[in-house]
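Note that ligands are numbered from 1 as they come in the structure, with each ligand's atoms numbered from 1 the same way. The figures that follow rest on heavy atoms only: side chains count, while hydrogens, waters and symmetry mates do not. This is a predicted model, so every value here is computed, not measured.
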Amino acid sequence: MRKNRIGVLTGGGDCAGLNPAIKWVVKTALDERLMVGRRKQCEVVGIRDGWEGLINIESSIVPLNANIVRTWDRYGGTMLGTSRTNPYNLKNNCSRVVLTNIEKLELDSLVVIGGDDTLSVALKLSQEGVKIVGIPKTIDKDLCETDYTLGFETAVEVITEEVDRLRTTAGSHKRIFVVETMGRDAGWLALEGGESSGAFIILIPECDFSIERVNALVTEARSAGTRYEIIVVAEGAKPIGGTQFIRETGEDSFGHKRLGGIAELLAAEIQQSTKIETRSINLSHLQRGGTPCAYDRRMGRYFGIAAVDLLAHNEFGMMVCYRNGKITSSPFENVIGRMNCVDIETQYDVERYNGRHTIIGKEVRSRKV
Ligand code: F6P
């Protein structure tokens, strides 16, 4: 009997947590105990290099089984490779080729692991009738409908560890360090990385900052006797009245500009105004590297299992989510074209440019009094 053929691919920027998700898609789809309840036997094939692998299919298909993926959850990046290829790119629309290749490869369904860009393609293909489900991943954590996206926690660990390292050298030299994180237009990485590492100032895209205020905070701290300061700045943050820092002209196939460079400029401005020696560092792709932390391994596992559950229940056009402590799902339509940003009213301290300084709501506090 012909088996139900599931294709799995990873798209967009790589990160830790992708391999655990792939492993658990494969293991769950091939789990004999679960097959009893399903009418069809399954097979899983990996598709190399994201959507690129469905445009040029020669040597892009990798048969997967439990033995092949057994150790994958320990590794960072993606064993399947990835790309930022957009089949619906207006300058070169290859979506028909993708649809034809899905038929040629006899793929009955697809599990797509990606962020907003990759899942926006999944939405369009699902509107064309492809049976598809998504798993959220991005170190930016900017996807709606989910409280977690694979890769985020590992990236926060990297930020925390690197800031710990910087503290000893910053303290030895009485310097300020400006540390730039990724995150595009969302401040989650800077905010939670800064909170985890105990940064003195955290600057995020959701709140334009005043350079004068940054200088004043640093000067105040030095007068109070500090030896060094750590400032974490998101690549998408910008000064009041300024614009985001673009590293390169041009855009990728989803229309994104490459951000970066704010830390260097900010360090120069601070040094010039405060006369305190200031250095900058851009953590850049280090945040996407390394082995997945325990949380990403676990979440990759749960998301992988849930994706196959969705397929088994014929719930297509859905993204697996984690919301209020539960693994659930949401239609692609609810996710795409929206952005999950830091709420500066409740999650940020706009006065001291830092993480929230109060957590329990007013009504709860007054109840306790
Ligand atoms: O979306 C993930 C991300 O790491 C962003 O935080 C960053 O701006 C971008 O990708 C970098 O992309 P690339 O790997 O193409 O340089």
Set of side-chain hydrogen bond (donor to acceptor under 3.5 Å, both in side chains) partners for Arg258, sequence neighbours left out: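 Testing Arg258 for side-chain hydrogen bond (donor to acceptor under 3.5 Å, both in side chains), a comparison that skips the adjacent residues, returns Glu248.
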
Row check, Trp72 ring normal vs Lys23 NZ/CZ: under 6.0 Å, within 45°: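 Because its charged atom misses either the 6.0 Å distance or the 45° angle limit, Lys23 does not stack over Trp72.
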
For Arg70, all residues meeting side chain to side chain contact (heavy atoms under 4.5 Å, CB included), sequence neighbours excluded: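 Once residues adjacent in sequence are excluded, the partners of Arg70 under the side chain to side chain contact (heavy atoms under 4.5 Å, CB included) criterion are Asn67.
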
Residues in side chain to side chain contact (heavy atoms under 4.5 Å, CB included) contact with Ser284, at least two apart in sequence or another chain: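 Ser284 satisfies side chain to side chain contact (heavy atoms under 4.5 Å, CB included) with Met182, Asn282 only.
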
Residue contacts for ligand 1, heavy atom to ligand atom, distance under 4.0 Å: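 Ligand 1 is contacted, at a heavy-atom distance under 4.0 Å, by Arg84, Ile139, Asp140, Met182, Gly183, Arg184, Glu235, Arg258, His285, Arg288.
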
Any Leu107 side-chain heavy atom under 4.5 Å of Ile47 side chain: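 Yes, their side chains come closer than 4.5 Å.
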
Thr82 side chain to Asp14 side chain, donor-acceptor N/O pair below 3.5 angstrom: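 On atom types as modelled, these side chains do not qualify, holding no pair under 3.5 Å.
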
